[in-house]
Amino acid sequence: MEHAVIVGAGVMGCACALRLLQRGWRVTLLERAVPGAESSASAAGILGAQSEVASAGPFLELCLASRSRFRHYAQELAELSHVSIDYETSGVLEVAMDAGEGRLVAARAAWMLDRGLRVEVLDRDQACRLEPGLNPQIIGANYYPDDHQVDPDRLSRALAVAVSRLGGMFRGGTVTGLARGQGCVTGVHVDHELIAADAVIIAAGAWSSRLAGVPPLRTEVKPLAGQIVQLEQRPAQMRHVIYSCQGYVVPRTDGRVLLGSTLEERGYDKAVTLDGVRRITTMAADLVPGLRQARWITAWSGLRPATGDGLPLLGPTSLPGLFMATGHFRNGILLTPATGDIMAALVQQQPLPEDLPSLKAFSPLPVTVATGENHHG
Ligand SMILES: Cc1cc2nc3c(=O)[nH]c(=O)nc-3n(C[C@H](O)[C@H](O)[C@H](O)COP(=O)(O)OP(=O)(O)OC[C@H]3O[C@@H](n4cnc5c(N)ncnc54)[C@H](O)[C@@H]3O)c2cc1C
């Protein structure tokens, strides 16, 4: 039986493991902390294929393909793990607070409608009827009924349990580098031990570029910190994710309300700062004034795996047997199911599911200066 070793047991590592196990592979996940401990469980959980994407193109198509998998994915994970990922379908409201934002939101609705996506363009009264807690000074909103949300902490746990039930092996330890032989990757070094593998997938989030022996990539992966504040309103008073140029408010059905987030370039520092919390809470109270009375619960920070061009790294590297599944930046929760499907097909050298776009833009291979093209189609 062929053996895949996956570095990192966040949502990406686990999603790849799940699909490979289902295709008959033996899988070992190497994790230096606990599954989901880093970016994955820190996320807000917005499945923002429309709210998060700036324009039409391959990245939008990848996001849409992944979003369309979630209803079935939630059911599949519940059956395999008995953990609900709290898939919630009430949609996202992207609001405009002034005329400039109004023009931006209108332009976004136009290209989405051109692409055939569902968008409802709402004036102030319509938006406030849909979500009565909204600041009545907003000037309008786009409603994206197909952008949903999940609880990322539950998604991380459901995936880890499902992988474990299907026979995936979790092993604690820090991967320090890759082993090579006859021009291929032959395994990984973990705390001075060699673990042999037929295929290695690097899914180490913001740390993916730090492993010794990884060949040159299209772009480096770097950490971009984001802080989140959690409040509580019981009983729950809001239904929709509220999204704006400044940040977002994510109500859970149980009364938790997440406010996010900052985008900070400060290395691997995960501090929660007074300045970050002040910016997030001011933004949220401007969008939904009633949150000023909500109860403070906690705040945290996570490290998004960011790439130079904003696109993930998905696929084979120039070192045979070595694959990347990383760099999902702000959209890794959304891209979890599609990434698992893509990586399992690529590792087995099988065709991709037909609904997925060309992966050329996401190839980890460096772009050649002469042609401007990736080596991998
Ligand atoms: C504040 C915030 C809000 C976000 N909100 C959203 C959102 O609303 N929607 C959305 O789609 N996405 C969101 N994201 C992005 C999403 O969380 C990430 O893109 C996704 O979790 C990345 O998953 P991953 O598995 O690649 O990385 P991680 O979850 O970081 O997992 C990588 C794992 O690798 C392990 N590791 C690293 N190096 C080694 C090593 N050498 N040896 C062994 N193990 C190693 C780490 O311990 C870690 O567990 C958000 C992120 C943040 C920080």
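Just follow the structure's listing: the first ligand is 1, and inside any ligand the first atom is 1. Heavy-atom basis, side chains included; hydrogens, waters and symmetry copies ignored.
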Classify the ring geometry of Tyr248 against Tyr243: parallel below 30°, tilted from 30° to 60°, perpendicular beyond 60°. parallel

I'd like to check which ligand 1 atoms, numbered from 1 as shown, lie under 4.0 Å from a non-hydrogen atom of [X].
X	result
Thr174	41 (N), 42 (N)
Tyr248	3 (C), 5 (N)
Leu30	43 (C), 44 (N)
Gly302	53 (C)

[X] N/O under 3.5 Å from ligand 1 N/O:
X	value
Ala9	no
Trp207	no
Gly45	yes
Leu334	yes
Gly226	no
Thr326	no
Glu38	no

Any idea which part of Arg210 is under 4.0 Å from ligand 1, heavy-atom wise: side chain, backbone, both or neither? neither

Proximity of Ala44 to ligand 1 by residue part, where a heavy atom lies under 4.0 Å: both

Got more than 12 heavy atoms from elsewhere within 6.0 Å of CD, Gln137? no

May I ask you to check whether over 12 heavy atoms, not counting those of Arg23, lie within 6.0 Å of atom CZ? yes

Tell me, which protein residue and heavy-atom name are nearest [atom], and how many Å apart are they?
atom	result
atom 9 (N) of ligand 1	Ile46 O, 2.9 Å
atom 47 (O) of ligand 1	Glu31 OE2, 2.6 Å
atom 31 (O) of ligand 1	Gly10 CA, 3.5 Å
atom 10 (C) of ligand 1	Arg330 O, 3.1 Å
atom 27 (O) of ligand 1	Gly205 CA, 3.5 Å
atom 40 (C) of ligand 1	Val175 N, 3.7 Å
atom 23 (O) of ligand 1	Ser40 OG, 3.3 Å
atom 52 (C) of ligand 1	Arg304 CG, 3.7 Å

Between Asn142 and Tyr144, is there a side-chain donor-acceptor contact under 3.5 Å, judged purely by atom types and distance? yes

Quick one about Thr273 and Gln227 (side-chain donor to acceptor, distance below 3.5 Å, no hydrogens or angles considered), yes or no?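 Yes, Thr273 and Gln227 have a side-chain donor paired with an acceptor closer than 3.5 Å.
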
Would you check if the distance from the ring center of His148 to the ring center of Phe70 is below 6.0 Å?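 No, ring centres 6.0 Å or more apart.
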
Side chain to side chain contact (heavy atoms under 4.5 Å, CB included) between Leu303 and Leu224, worked out: CA-CA 5 Å; Leu303 301 174; Leu224 259 188; over 6 Å; no

Nearest 0.5 Å, please: how far is CZ in Arg239 from OG1 in Thr89? 8.0 Å

Through direct or indirect side-chain contacts below 4.5 angstrom among Ile, Leu, Val, Met, Phe, Trp and Tyr, which residues connect to Val105?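 Hydrophobic cluster check, Val105: no partners found.
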
